[in-house]
Structures are given as structure tokens and as C-alpha cells.
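None of these values were measured; they are calculated from a predicted model. Residue numbers begin at 1 in each chain, while the letters A, B, ... track the order of the sequences. The figures that follow rest on heavy atoms only: side chains count, while hydrogens, waters and symmetry mates do not.
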2 protein chains.
Amino acid sequence: MGVTKDENQQVKVQEKIDKIMDDKEAAAPCCPVKDILGRFGDKWSIYAILMLGRNEKLRFNELKGLISGISQRMLTVTLRSLEEDGLVKRTIFPEIPPRVEYELTDLGQSLLLQLLELADWAKLNLHHIVAARERYAKQEQKRT
Amino acid sequence: MGVTKDENQQVKVQEKIDKIMDDKEAAAPCCPVKDILGRFGDKWSIYAILMLGRNEKLRFNELKGLISGISQRMLTVTLRSLEEDGLVKRTIFPEIPPRVEYELTDLGQSLLLQLLELADWAKLNLHHIVAARERYAKQEQKRT
DNA sequence: ATACTAGGTTACTTTTAGTAACTCAAAAGT
DNA sequence: ACTTTTGAGTTACTAAAAGTAACCTAGTAT
């Protein structure tokens, strides 16, 4: 055949990318990766998903306590967005004072697993990235 | 004993999340997932990585042509950020008019593979998300 | 009457994303 | 001799998003 195993893999990668990019099927607004990551790629969404993945069910202020630094508004905005995408289920108990419980849906659970995969990669490679940033910073100093 | 397989898996997930969250080791500024996703989770970075993954080496304006809708500034900003993190290598040829070539580093390649995993999940689950959004939109209408 | 509670909104400010026009230095066209 | 073109960017600006601080609600306890 004349192609090595590595070259074969590279071809597969290219095909996959092609499929991702021209994904006009299923009323997808556009590249699904972009769409997906654009939605929950921000830090608050990630924290919320991780915390809900850890704790099964959580109330608003419990979550607020667990996610250090988040404000009330940011938490509502984040949770609404996750609810909108069907990753989080929100249950209101009509009491006074109000009680609201949040939990991951099955979809949210499956996304969590993907996030953990990514976390493994991140942990494994973080030192490379940190090193690269330091190299870059030093180069920048020399330029000025 | 006395725990089912599912419960066992859940415990593993919890442990993993715990490890991610209190990651004070290795001078990590914070949760690596957040740090990582916060950097290249935006649409332009994703497109750039996918395009560089598809094409080996690309010049600035080639990339600009491939990523539809990106402006010059956004492309430079994106590429600089990826370069800073060591995901992309930038080579300048001191000619007139200038020539600059971009390519993925090994780190970038390995991230690309992760992105493709995520893309698989996204393609598999996009219809769920779209459906959830429609449900949510209808509920919102009723409220007003 | 005042304070507290949980789970938010509203109005405002700061950061970031994004656009349009300009630059640089040489080569080629008119 | 002047204008245009070329690639790879900057600079100066505007639109949009993220984030903060103060307020609301309705019932209960002091």
C-alpha cells in the first residue's frame, strides 16, 4: 500500500475534521463542537457541572457555597443556560422561603464523563502549557 | 461489598472530581480543566486547531480563507494565544512581503485528538440539546 | 416594626469580542 | 514618479458579554 500506520491515522483524522466542518445535517446551526464548547466551555459552567456531578442534588445556595467566587447572578445565568441545553434539571418546591433543587440530567452526566476525559488530558499536559507560557513571556520581554 | 457496579463507578467519578478541584500541586494556578477550556474553548481557537490539524502547515491568509468569517485581528489574537500555550508553532520567514507559517505542535496534535473525542460526543448528542432548547423556549413563551 | 430566609431581578460598570481603517517595505504596473 | 498590490499584521474604535451591588418577595420569628 505504501502508507505507514501513522499516515493512515492522519488520513482518518483529516476525514473526521472534514465531517465536523461541513455538518449541514440535522438542522445543526453549525460545527457542533464550536456550538457545544461555546456553551459550557466557560469556567462557571464547568464548575457547576463538576459540583453537580459530585453531589447528585444541590440547592442554589449550596452550589453558591461550593463554587468559590461566583455571584448570585452568575450562578443563575449559568444554571439557566445549562437548563436550557438540557444538561441540568431544575425543580422548584413552592414553599416559603422557596426551595429549588438542581441536578444533572442523563445528558449532563454523559457530558461530565467527557469533561473528566478532558481533565485527564489537562492534568497530564498542564506542565507543558505552563512551560510554554513562561518561554513565551521571556521572549516577549526581549522584544521590548 | 453491597454496592452495585454503577455505585462503584459513581464513587470513582466523585474521587476524580475531588482531585480536579483541589489541585494545588505543580504550581497549577487552579482547576486545570477550567484553565485549559477557558483558553481554547472559544470558537476561533477550535476552528484554528481543526484547520491546522487538517492541513499540516498553513500561512496566515490561508488560515483566514479556511475559517469563514474570521477577521484579521481575531485570527492574530487567536494564533498568538495558541502560540503562547505551546499548541501552535509560528515560523517567520524574513522576506518581503512577509511569510509566516503556522503548524500544530505535538501538544497541539494531542489536544486535537481530545477535541475530536468531544466532537464525537457533540455530534451524538446535539439533537438532544437542540430538542431541550426548543422545549425551554416554549416554556418561556408560556410564562410571559 | 424589624430582621431573616432562599432564590432570585434590575440597573449599572468593567472586560472582552469584534470591526474598519491604517501600516510597512519592496515590487510591479501605468 | 506615482499608484497599486501583497502578506501579515496594528491601532483606534464599537458592540456585546461578564460581572458587581443593591433591591425584591412573602412568610416566619423576635
Side-chain angles (χ1 to χ4, degrees), chain A residues 30-31 34-35 37-49 51-52 55 57-85 88-103 136 139-140 143-144, chain B residues 30-31 34-35 37-49 51-52 55 57-85 88-103 136 139-140 143-144:
Chain A
C30 162
C31 164
K34 182 218 83 176
D35 195 40
L37 273 186
R39 278 303 190 115
F40 58 72
D42 64 291
K43 61 177 171 177
W44 299 133
S45 298
I46 293 167
Y47 283 146
I49 290 168
M51 282 311 159
L52 289 169
N55 293 62
K57 279 184 190 193
L58 286 172
R59 300 180 62 180
F60 186 87
N61 279 334
E62 286 175 328
L63 259 172
K64 189 162 176 293
L66 288 171
I67 304 172
S68 68
I70 198 170
S71 69
Q72 299 208 88
R73 195 180 105 86
M74 282 302 103
L75 186 53
T76 25
V77 168
T78 302
L79 287 171
R80 285 294 188 289
S81 155
L82 294 175
E83 192 199 351
E84 189 179 350
D85 287 359
V88 160
K89 191 183 162 213
R90 179 169 176 266
T91 316
I92 317 156
F93 298 86
E95 309 167 358
I96 300 267
R99 183 157 67 93
V100 180
E101 280 183 356
Y102 293 91
E103 61 192 307
Y136 188 88
Q139 274 198 337
E140 283 299 277
R143 284 188 203 178
T144 48
Chain B
C30 161
C31 164
K34 184 217 82 175
D35 196 39
L37 272 186
R39 277 306 191 113
F40 59 70
D42 65 290
K43 61 176 172 179
W44 299 134
S45 298
I46 293 169
Y47 283 146
I49 291 170
M51 282 312 159
L52 288 170
N55 293 65
K57 280 185 188 191
L58 285 172
R59 300 180 62 179
F60 186 87
N61 279 336
E62 286 175 330
L63 259 172
K64 189 163 175 295
L66 287 172
I67 304 174
S68 67
I70 197 169
S71 68
Q72 302 211 70
R73 195 180 102 86
M74 282 302 103
L75 186 52
T76 24
V77 168
T78 302
L79 288 170
R80 284 293 189 291
S81 155
L82 294 175
E83 191 198 354
E84 188 180 350
D85 287 359
V88 160
K89 191 182 162 210
R90 179 169 176 269
T91 318
I92 318 155
F93 298 85
E95 310 167 359
I96 299 264
R99 184 158 65 95
V100 180
E101 279 183 357
Y102 293 92
E103 61 192 307
Y136 188 87
Q139 276 199 335
E140 283 298 278
R143 283 188 205 179
T144 47

N or O in side chain of [X] less than 4.0 angstrom from [N] OP1/OP2:
X	N	value
B:Y102	D:dG7	no
B:R99	D:dG9	no
B:K64	D:dT6	no
B:S71	C:dT19	yes
B:R59	D:dG9	no

Inset, instruction - Please state whether the base of D:dT20 and the side chain of A:R73 form at least one donor-acceptor pair under 3.5 Å? - result: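 Indeed there is one.
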Measure the distance from [atom1] on [X] to [atom2] on [N] and round it to the nearest whole Å.
X	N	atom1	atom2	result
A:L75	C:dA6	CG	P	14 Å
B:I92	C:dC24	CD1	P	18 Å
B:I70	C:dG18	CD1	P	9 Å
B:I46	C:dA17	CD1	P	13 Å
A:L58	C:dA6	CG	C1'	15 Å
B:E101	D:dG7	CD	C1'	13 Å
A:E83	C:dG7	CD	P	14 Å
B:M74	D:dT11	CE	C1'	13 Å

Inset, instruction - Evaluate the criterion side-chain contact (heavy atoms from CB on, under 4.5 Å) for residue pair A:Y136 and B:R80; output intermediate values, then yes/no. - result: CA-CA 10 Å; A:Y136 188 88; B:R80 284 293 189 291; 3.4 Å; yes
Inset, instruction - In sequence, state the C-alpha distance, the side-chain angles, and the governing distance for B:I67 and B:M51, and then conclude on side-chain contact (heavy atoms from CB on, under 4.5 Å). - result: CA-CA 8 Å; B:I67 304 174; B:M51 282 312 159; 4.0 Å; yes
Inset, instruction - Would you mind telling me which residue lines up with the more 5' stretch of DNA chain D, B:L79 or A:P97, judged by nearest nucleotide? - result: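 Nearest-nucleotide comparison on DNA chain D picks B:L79.
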Inset, instruction - Starting from the 5' end of DNA chain D, give me the residue, B:Q72 or A:D42, whose nearest nucleotide shows up first. - result: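 Nearest-nucleotide comparison on DNA chain D picks B:Q72.
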Inset, instruction - Quick one: do B:N55 and B:L66 satisfy side-chain contact (heavy atoms from CB on, under 4.5 Å)? Show the steps, please. - result: CA-CA 10 Å; B:N55 293 65; B:L66 287 172; 4.2 Å; yes
Inset, instruction - Any chance you could measure A:E103, atom CD, to A:K57, atom NZ, to the nearest 0.5 Å? - result: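 That separation rounds to 4.5 Å.
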Inset, instruction - State the CD-NZ distance between B:Q72 and B:K64, to the nearest 0.5 angstrom. - result: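 It is 5.0 Å, given to the nearest 0.5 Å.
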Inset, instruction - Identify whether any heavy atom of B:F93 sits under 4.0 Å from a base atom; if not, whether one sits that close to sugar-phosphate; answer base, sugar-phosphate or nothing. - result: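 Contact class for B:F93: none.
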Legend entry - Nearest-nucleotide comparison on DNA chain C, the residue closer to the 5′ end among A:E62 and B:I96: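 Checking each residue's closest nucleotide, the 5'-ward one belongs to A:E62.
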Inset, instruction - Report the nucleotide, chosen from C:dG7, D:dA8, C:dG18, that has the shortest atom-to-atom distance to any side-chain atom of A:R90. - result: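 Ranking C:dG7, D:dA8, C:dG18 by closest atom to the A:R90 side chain puts C:dG7 first.
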